[in-house]
Every structure is written in C-alpha cells, then in structure tokens.
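Notes to accompany the following structure.
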Amino acid sequence: MRLSRYFIPILKETPAEAQIVSHRLMLRAGMIRQASAGIYSWLPLGYKALRKIEAIVHDEQQKAGAIPVLMPTIQSADLWRESGRYDAYGPEMLRIKDRHDRDMLYGPTNEEQITEIAGAGIRSYRDLPTILYHIQWKFRDEVRPRFGIMRGREFLMKDGYSFDIDKAGATHSYNRMFVSYLRTFERMGLKAVPMRADSGPIGGDMTHEFLILADTGESAVFLDSDIADLSLGADKIDWEDAEGLQGIVDRWTSAYARTDETHEEAVFNAEVPEARRVTARGIEVGHIFYFGTKYSEAMNAKVAGPEGSPVAFESGSYGIGVSRLVGAIIEANHDDKGMIWPEAVAPFEVAVINLKQGDAEADAACESLYDNLNARGFDALYDDRNERAGSKFATIDLIGVPWKLIVGPRGLKEGVVELVNRRTGEAVNLSPDEALNRLSAQFGRA
RNA sequence: CGGGCUAUAGCGCAGCUUGGUAGCGCGUUCGUCUGGGGGACGAAAGGUCGUAGGUUCAAAUCCUGCUAGCCCGACCA
C-alpha cells in the first residue's frame, strides 16, 4: 500500500474522550471512528488489524478440530424463551420488533441458536464430538461502554460450542479449546494466562478466563510467576490425544492464577512462595466453560445414545473477544511513540520510508524495494508522501509497523538502506537485496 | 443504574462570570524556500456555537426542557 493513496486519518492530538492508551492510539492512528456510544466503525488500518487477528483465530480453531459456521446476528425471541433466558438476560439484551410485531433480538451470544442447530442436525452419538464455532458481531447493551473497542456494546466475538455424549468427551473438547487458546494467543505474540474463573450457578472447576497481562488491564490478577513463564512453543499438538491434552491443561492450571473475582489471599500465600507471587493487571480476552446439559435439556436437544435412547448433549462454550484483542494487543505492545505490532498480527509488516521524495535515485530504490516486498508476499507500506523525514518516522512509528526500511540519498551513495526494528530500535545498514533477504528470513518467507 | 462533568471549525481549546463583529493552536489548501526524527515564511478556506423553546432591541453568553458524549462506581468477550 502506498501511504499517499491510503485512507488513514491520523490525528496529531489526542481526542479528549480517550482515556486508555489503546483507545488513544487507535483514534490517533485512524483505525476506528466512534459511531455512537460503544459502537465503532473500523477504518482501513483498524479493519486490517482486526482481520489478521480473526484469521489466526480461524486457523487455530480449525487446527484444534472446530468447524466454522456463521449464525445470524438477529435471533428470534422464541428461541430464547425455550431456554428461559429471554426473561433472565435483562436489559443488556437489545430487543427489537420486526414489521409483524414479532419479538426479535440482536444476539449477545449464541448458545440457544447453536443448540437448536446441533439438536436438529446431529442424530447419533457416533457423530460426536462436534465443535462448531463462528466469528460474528455481538451486541450487549452495556450500561457503561468505555475504553473504545475494549468495552464496546457491539463487538466481534469468536464463540464456539462443543457437543459430546458424556462428561469425558466434554472434558476432551474443553481441553482442546483450552490448548487451542494457548496457541492462539501465543501466536499473536501475547502472554495470556488461564485463570480459574467463577463458575457461577453451574459449579465445577471447568471454566477459565484467559487474561493478557497489561498495566492498564481492568482486572486485578494474582499469579505464580511460574505460570507466566510457561510456553507451548513449537510443540506439535495431538488433538485426538485426550490424555496428552489433559497433561498440558494440568501443567497450565497447577500453579495459582486467579482474578480478583476468585482470588483467595490465604490460599495464594500458602501455595506460592513469596518470591513468585505476582500481583498484576489483566485484560480478559477469552473465556471457556463447560455447562453440561444446561441448554440441551432446556431445549430438548438430544442424540441417540449407545443404547438407542435419546441423550442430552454435554456442552461447553468458548469465547474469544476478537475485536477486544485489537485493543489488548496494543495495550500490551506500545511505547511513547505509538503502537508496536507483533509481526504475526501487524496490519503492515514492513514500511519503506523514502527520506527524500522526488529524488530520482531514492524514488527508484523505494519503488524497487516496495515491488520486491509485495512479490515476496509482505504486507508492505510505502511512505511515498511528500513529507519530511521526521513526519514520516512519526507516522510509521505511531502505526507501529514492526520493521522500517529507510531509504535516502546518503545511504544509497554507499549502496545501503537502513533496516530498523520498531521494538528494539536496532538498526543495520544493508544492501537492498540483503535487507529483503533478512526480512524474508525473519518472517519465514522464502 | 447511583455520583461527577462536558457539548463552540476535522482535532485540542479560549470566549460565557459582567449579553453587543466567533477567536487561538494543530491539521487542511495554495505558493516559495527546504529536506536523515512531527521544518520556516506568506496567503487562504473552513463554524446551524448539540437541540427545542423562553427572556431581551440584541443570546455562544441568561433561564427551562430535551438529546448526545465522557469520567468514577456496581456488571461484562
């Protein structure tokens, strides 16, 4: 993309309403624009980041065995009357009427809808397990939306639902999603810690929230530093191996990690040596829980069991706040100059900065680098605006492009361009070809 | 939903107390000089002062209603 032809309304000053850093930076970088309280338009740069995150979520869901579907945003009230939640849900649910005066709603979640689909479509226990998921806009009429897209009323969520014949199967499905979430967040360059969540009326210990540690997080978290050091790395996962998955889950849940909701100071102090006690802030980006037959019983969603008689599904649901992740990643990755995108989710991976637009040699070198980057499959941004160098650096750093290729007449005289890492500031002078090769190696692209 | 606050140009703000020509900075446009970390100079464009009503010769300014938005708290991907 040529910056001169992009739509990116950058602000030099911070809009007054933005309090937290991700919101400020997203507004300044022209990623979003507020439409009304808690509702945002996604401008090109923000939309690009959102789609990259969404793509990783899709990929990791499917690797873990979940199957993508797409359910509507508008749902029938009748479906929710079956589960009993139409009255229970409260004013957070946006209720609307269609022209025939039928009660409809903008879905805040999809348990009812997916249970109806599974109940109608899955006939035998031999078709199980099945995990279906979608990534769809949700609406929850929050009392007080805030922090930009971090707590909007309309938000993009990945919600998945598992269907099994018994508790053992449901546990396997739960663990699949647990490990899948670890992989998903790790791949985005995030340190997400699973924490025991409040299981509410259903009870049991099969519910976890995944939180990203960030100073600006909304929840206070308490954890054993050991758990923050865990990493899946490049380990190959055998998703069919129930015991193996259980082992991973056990490793990640053995150490103390809780939010203020479930925190018990006495247990914390007893279980965790003082040197490893970490008190921090976290942003919830995922939440998984097992809810057994809660919806399947209520909605009569059953399959033929091994004895031929109908058995209600054992289910769990698994959410990732996709749009919230955009903000969360920025919260966890920024400095005083702007955002610092992890390579895996960066809207643009490399920026070519032409220090002297209009200089024949500099222009030619930039065009060549830009073409080559595109040919090699990079998401490249070429700052070809007729601006001074300082202005270009400020813009590119604000946007948080992980790598800068700086091209100017002085360097070109020596046959070099400068490759600079946004996060570390590390800079090396290389020939254009070497710089391209270095980037290709960095991103694992041949 | 309880408490606090705001609404004036794309963004940040002043003007309101004491009613009388709507202003500043940034950004934008044009020109010139510039050009390795948000350049300088000159010129210009851009505003139903949130909205409806009231008081007044006269309302951004005073009064009333409404709407929208923000912050703190309780709740949530």
Side-chain angles (χ1 to χ4, degrees), chain A residues 9-20 23-24 27-28 30 33-39 53 57 89-93 107-110 135-160 181 185 192 197-198 200 208-212 218-219 259-261 282-289 317-328 336-338 353-359 362 383 385-398 404 406-414 416-418 420 425 427 429:
Chain A
I10 284 180
L11 303 174
K12 225 168 162 177
E13 284 170 290
T14 305
E17 77 267 15
Q19 294 302 308
I20 64 165
H23 190 194
R24 283 202 292 260
L27 290 170
R28 286 199 50 212
R33 180 168 176 82
Q34 181 165 351
S36 57
I39 301 177
I53 290 164
V57 174
Y89 210 91
E92 268 201 355
M93 183 152 72
T109 178
N110 290 69
I135 297 179
Q136 177 63 289
W137 293 92
K138 305 288 186 288
F139 194 92
R140 293 183 192 172
D141 201 356
E142 296 277 347
V143 191
R144 192 187 152 208
R146 63 186 127 164
F147 303 147
I149 51 147
M150 298 273 286
R151 170 73 61 84
R153 291 194 292 172
E154 187 183 53
F155 57 96
L156 188 62
M157 180 166 113
K158 189 287 293 187
D159 45 323
Y181 276 32
F185 298 129
D198 188 358
H208 289 89
E209 293 177 350
F210 290 75
L211 287 99
I212 287 167
E218 287 190 81
S219 329
T259 67
D260 42 9
E261 275 181 3
I283 301 165
E284 185 185 351
V285 290
H287 195 165
I288 60 178
F289 48 92
S317 79
Y318 314 92
I320 290 180
V322 177
S323 51
R324 173 179 283 184
L325 270 169
V326 180
D336 55 349
K337 288 190 270 188
I353 296 185
N354 189 344
L355 292 175
K356 191 166 184 181
Q357 207 70 41
D359 176 276
D383 192 345
R385 297 171 305 163
N386 189 20
E387 290 285 331
R388 307 196 119 224
S391 166
K392 293 190 179 186
F393 286 125
T395 298
I396 298 301
D397 286 345
L398 172 65
K404 288 188 283 281
I406 302 168
V407 181
R410 285 185 213 167
L412 290 175
K413 276 205 184 75
E414 313 296 322
V416 298
V417 297
E418 195 180 7
V420 182
N429 286 319

Any N/O pairs under 3.5 Å between the protein and nucleotides 5-15 of chain B? List them or say none.
residue	atom	partner	partner atom	Å
rC11(B)	O2	E13(A)	OE1	3.3
rG12(B)	OP1	A16(A)	N	2.8

Donor-acceptor contacts under 3.5 Å from residues 147-160 of chain A side chains, at least two apart:
residue	atom	partner	partner atom	Å
R151(A)	NH2	E218(A)	OE1	2.7
R151(A)	NH2	E218(A)	OE2	3.1
R153(A)	NE	A37(A)	O	2.8
R153(A)	NH1	D141(A)	OD1	2.9
R153(A)	NH2	A37(A)	O	3.1
K158(A)	NZ	Q61(A)	OE1	3.1
K158(A)	NZ	Y181(A)	OH	2.8
K158(A)	NZ	Y318(A)	O	3.1
D159(A)	OD1	H134(A)	NE2	3.0
D159(A)	OD1	K138(A)	NZ	2.8
D159(A)	OD2	H134(A)	NE2	3.2
D159(A)	OD2	Y161(A)	OH	2.5

Candidates L412(A), L355(A), D383(A) - the one meeting side-chain contact (heavy atoms from CB on, under 4.5 Å) with V407(A):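 Going through L412(A), L355(A), D383(A) one by one, the side-chain contact (heavy atoms from CB on, under 4.5 Å) with V407(A) is satisfied by L412(A) alone.
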Does the side chain to side chain contact (heavy atoms under 4.5 Å, CB included) test come out yes or no for V420(A) and I406(A), once each step is laid out? CA-CA 8 Å; V420(A) 182; I406(A) 302 168; 3.6 Å; yes
Which is it for V285(A) and I320(A) under the side chain to side chain contact (heavy atoms under 4.5 Å, CB included) test, yes or no, and what are the steps along the way? CA-CA 6 Å; V285(A) 290; I320(A) 290 180; 5.6 Å; no
Taking donor-acceptor contacts at under 3.5 Å, does the side chain of R385(A) reach the base of rG38(B)?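 Absent.
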If we take the [atom1] atom in both [N] and [M], what is their distance in whole Å?
| N | M | atom1 | answer |
| --- | --- | --- | --- |
| rA52(B) | rC76(B) | C1' | 37 Å |
| rG19(B) | rG27(B) | P | 37 Å |
| rA44(B) | rU6(B) | P | 36 Å |
| rC71(B) | rG15(B) | C1' | 25 Å |
| rA40(B) | rU61(B) | P | 37 Å |
| rC66(B) | rU29(B) | C1' | 39 Å |

Distance-minimising heavy-atom pair for E142(A) and P145(A):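 Shortest heavy-atom separation between E142(A) and P145(A) comes out as O-CD, 3.6 Å.
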Where T259(A) and L211(A) come nearest, the two heavy atoms and their spacing: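 In terms of heavy atoms, the two residues are closest at CG2-CD1, 3.6 Å.
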Using whole Å, what does the distance between atom C1' of nucleotide rG37(B) and atom CG of D383(A) come to?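 After rounding, the gap between these two atoms is 13 Å.
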Interatomic distance where CG belongs to N386(A) and P belongs to rG39(B) [whole Å]: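 After rounding, the reported distance stands at 13 Å.
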What does [X] touch in the nucleic acid at a heavy-atom separation under 4.0 angstrom: a base, only the sugar-phosphate, or nothing?
| X | result |
| --- | --- |
| G411(A) | base |
| P9(A) | nothing |
| D159(A) | nothing |

Mark yes or no for whether K356(A), through its side chain, and P409(A), through its backbone, hold a donor-acceptor pair below 3.5 Å.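 Not at all, since once roles are kept as given, no pair shorter than 3.5 Å links the two residues.
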Residue met sooner reading RNA chain B from 5', once P145(A) and G408(A) are mapped to nucleotides: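 Result: G408(A).
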Using a cutoff of under 3.5 Å, can you pull out all pairs of nitrogen or oxygen atoms linking the protein to nucleotides 29-31 of chain B, with atom names and distances?
none

Which parts of nucleotides 43-51 of chain B does protein reach within less than 4.0 Å, heavy atoms only, written one letter per nucleotide 5' to 3' as B for base, S for sugar-phosphate only and - for none? ---------
So if I define the base as every atom that isn't primed, P, OP1 or OP2, how would nucleotides 72-77 of chain B read as a B/S/- string at a heavy-atom cutoff under 4.0 Å? BBBBBB
Just by distance, no angles: are the side chains of R140(A) and T109(A) close enough, under 3.5 Å, to form a donor-acceptor pair?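 On atom types as modelled, these side chains do not qualify, holding no pair under 3.5 Å.
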Can you check whether H208(A) and F210(A) have ring centres sitting under 6.0 Å from each other?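 Judged by ring-centre distance (under 6.0 Å), H208(A) and F210(A) do not meet the cut-off.
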Which of these, K392(A), E387(A), R385(A), sits in a side-chain hydrogen bond (donor to acceptor under 3.5 Å, both in side chains) with Q357(A)?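 Option passing the side-chain hydrogen bond (donor to acceptor under 3.5 Å, both in side chains) with Q357(A): K392(A).
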Applying the Watson-Crick and G-U wobble criteria at under 3.5 Å, what pairs with rC66(B)? Answer none if nothing qualifies.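 Checking every strand shown, rC66(B) finds its partner in rG50(B), with both distances under 3.5 Å.
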By side chain to side chain contact (heavy atoms under 4.5 Å, CB included), which residues pair with K12(A), not counting sequence neighbours?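 K12(A) satisfies side chain to side chain contact (heavy atoms under 4.5 Å, CB included) with no residue once adjacent residues are dropped.
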Evaluate the side chain to side chain contact (heavy atoms under 4.5 Å, CB included) criterion for residues I10(A) and R28(A): first the C-alpha distance (whole Å), next the side-chain angles of each, then the deciding distance (0.1 Å), finally the verdict. CA-CA 5 Å; I10(A) 284 180; R28(A) 286 199 50 212; 5.6 Å; no
Which of these nucleotides, rG36(B), rG35(B), rG38(B), is closest to any side-chain atom of E418(A)?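 Shortest atom-to-atom distance from the side chain points to rG36(B).
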With respect to the phosphate group of rG35(B), does any side-chain polar atom (N or O) of K356(A) fall under 4.0 Å of OP1 or OP2?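 For rG35(B), OP1/OP2 do not have a side-chain N/O of K356(A) under 4.0 Å.
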